[in-house]
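Read the structure below first, then the notes.
Remember, it's 1-based here, ligands and their atoms both numbered in the order they're listed. Numbers for residues simply follow the sequence, beginning at 1.
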Amino acid sequence: MKSSEEETTGNQTSVTMFVIVGFSHQKDMKVIFFLLFLSIYIITVLGNLIILLVISMDPVLHTPMYFFLRNLSFLEICYTSVTLPRMLVSLLSGDTSISFAGCAAQMYFFMFFGATECYLLVAMAYDRYRAICNPLHYTDIMNKKVCIQLAASSWICGNLLALGHTTFVFSLPFCGSNTINHFFCEIQPVLMLICGDTYWNEIQIILGGVFVILMPFVLILVSYGLIISSILKIKSVKGRYKAFSTCFSHITVVTLFYGSCMFTYIRPKSSYSLDVDKIFALFYSVVIPILNPVIYSLRNREVKGALFKSFYTALACRQVLLWTE
Ligand SMILES: *[C@@H]1O[C@H](CO)[C@@H](O)[C@H](O)[C@H]1NC(C)=O
């Protein structure tokens with residue numbers, strides 16, 4: 001399926017819009033996909049919204065860990081809103097085209113929120129490290145100001161990185177096909193449409209992988225190395241379990257998120273398959289945001305308690321009504 005080429009200037013073509021293939025070749029599955037993704041989107045937004053509200057309303061949860069979790073829930077809402085609504089519209093209308101600017105904007109926001117999530121997970125690991133390794137000075141070290149600074153730097157770094165990446169990609173010449181074999185303007189399928197030397201593109205992908213995935217992941221591993229060595233020093237089994245239990249949710253989220261990201265972004269080009277990639281992209285862009293509230297609320301006694309309490313407040317009641325509608 002090659003799309004018509006547009007106005008040619010010299011030896012390069014300027015593309016003014018893209019076609020996103022998505023899941024549109026499975027025509028008979030359209031309705032099922034639409035309903036599936038619509039329910040996923042609604043549950044993701046509502047689930048994260050409930051976490052956000054519960055943490056904001058319950059004073060018991062006004063600790064650094066929940067400050068970051070609230071920020072993460074907010075981030076997940078933004079993150080899924082970059083890809084899913086657009087995908088739902090094109091499933092419904094059958095219109096798979098996206099403008100050049102629209103594609104650039106989607107790539108920017110997706111990278112912005114994705115990178116911010118990577119950095120926020122590091123901040124959360126650092127918080128756990130401080131809580132377990134310096135329990136006596138924890139509240140001094142992780143004071144409100146430090147928490148806000150850590151979260152804010154995640155957002156700022158994510159933004160700068162996405163801005164640099166997107167500007168670079170969209171300043172390169174596009175030629176030939178404008179068909180993106182993916183369900184949103186993800187970096188690799190868009191880079192495949194760029195003509196000429198791809199040397200810098202690959203350098204860029206590698207650098208991006210190092211700064212967004214590898215470095216944060218190493219920092220998280222270091223934090224957990226220190227956490228584990230400190231937990232092993234605790235004499236009682238019960239004490240060990242108690243210290244470690246506050247990390248379970250975070251470890252689960254980190255494993256799932258980095259697992260699927262690494263598989264997609266850090267891989268030799270020869271083993272590259274867009275169809276396999278689409279499945280993995282579904283995982284990190286659609287499935288993870290829905291899992292977050294589930295993992296954190298089911299694993300966590302404090303969140304469960306707060307959830308239970310707030311079911312009796314007017315606001316939460318309204319949320320529940322919305323949910324059952
Ligand atoms: C997340 O953190 C940033 C930076 O500290 C802050 O500006 C923002 O209000 C926070 N969002 C939520 C929902 O907590």
Next on the checklist: Under 3.5 Å, is there a donor on one side chain and an acceptor on the other for Tyr138 and Asp127?
Outcome noted: yes
Checklist entry - Is the centre of the Phe110 ring less than 6.0 Å from the centre of the Phe184 ring? => result yes
Checklist entry - Does some non-hydrogen atom of the protein lie less than 4.0 angstrom from atom 9 (O) of ligand 1? => result no
Checklist entry - Is the shortest N/O to N/O distance between Ile148 and ligand 1 below 3.5 Å? => result yes
Next on the checklist: If we count only N and O atoms by modelled type, under 3.5 Å, do the side chains of Tyr126 and Arg130 hold a donor and an acceptor together?
Outcome noted: yes
Next on the checklist: Within ligand 1, which atoms have a heavy atom of Phe74 less than 4.0 Å away?
Outcome noted: 13 (C)
Checklist entry - Does any donor atom in the side chain of Tyr129 or Asn134 lie under 3.5 Å from an acceptor atom in the other side chain? => result no
Checklist outcome for this item: Ranked by distance from atom 2 (O) of ligand 1, the top protein heavy atom is Asn71 ND2, 2.2 Å
Item to check | Nearest-contact summary for atom 14 (O) of ligand 1 - protein heavy atom, Å | outcome: Arg70 NE, 3.0 Å
Item to check | 4.0 Å protein heavy-atom contact status of atom 5 (O) of ligand 1, strictly under | outcome: yes
Next on the checklist: Rounded at 0.5 Å granularity, tell me how far CG in Asn48 sits from CG in Leu69.
Outcome noted: 8.5 Å
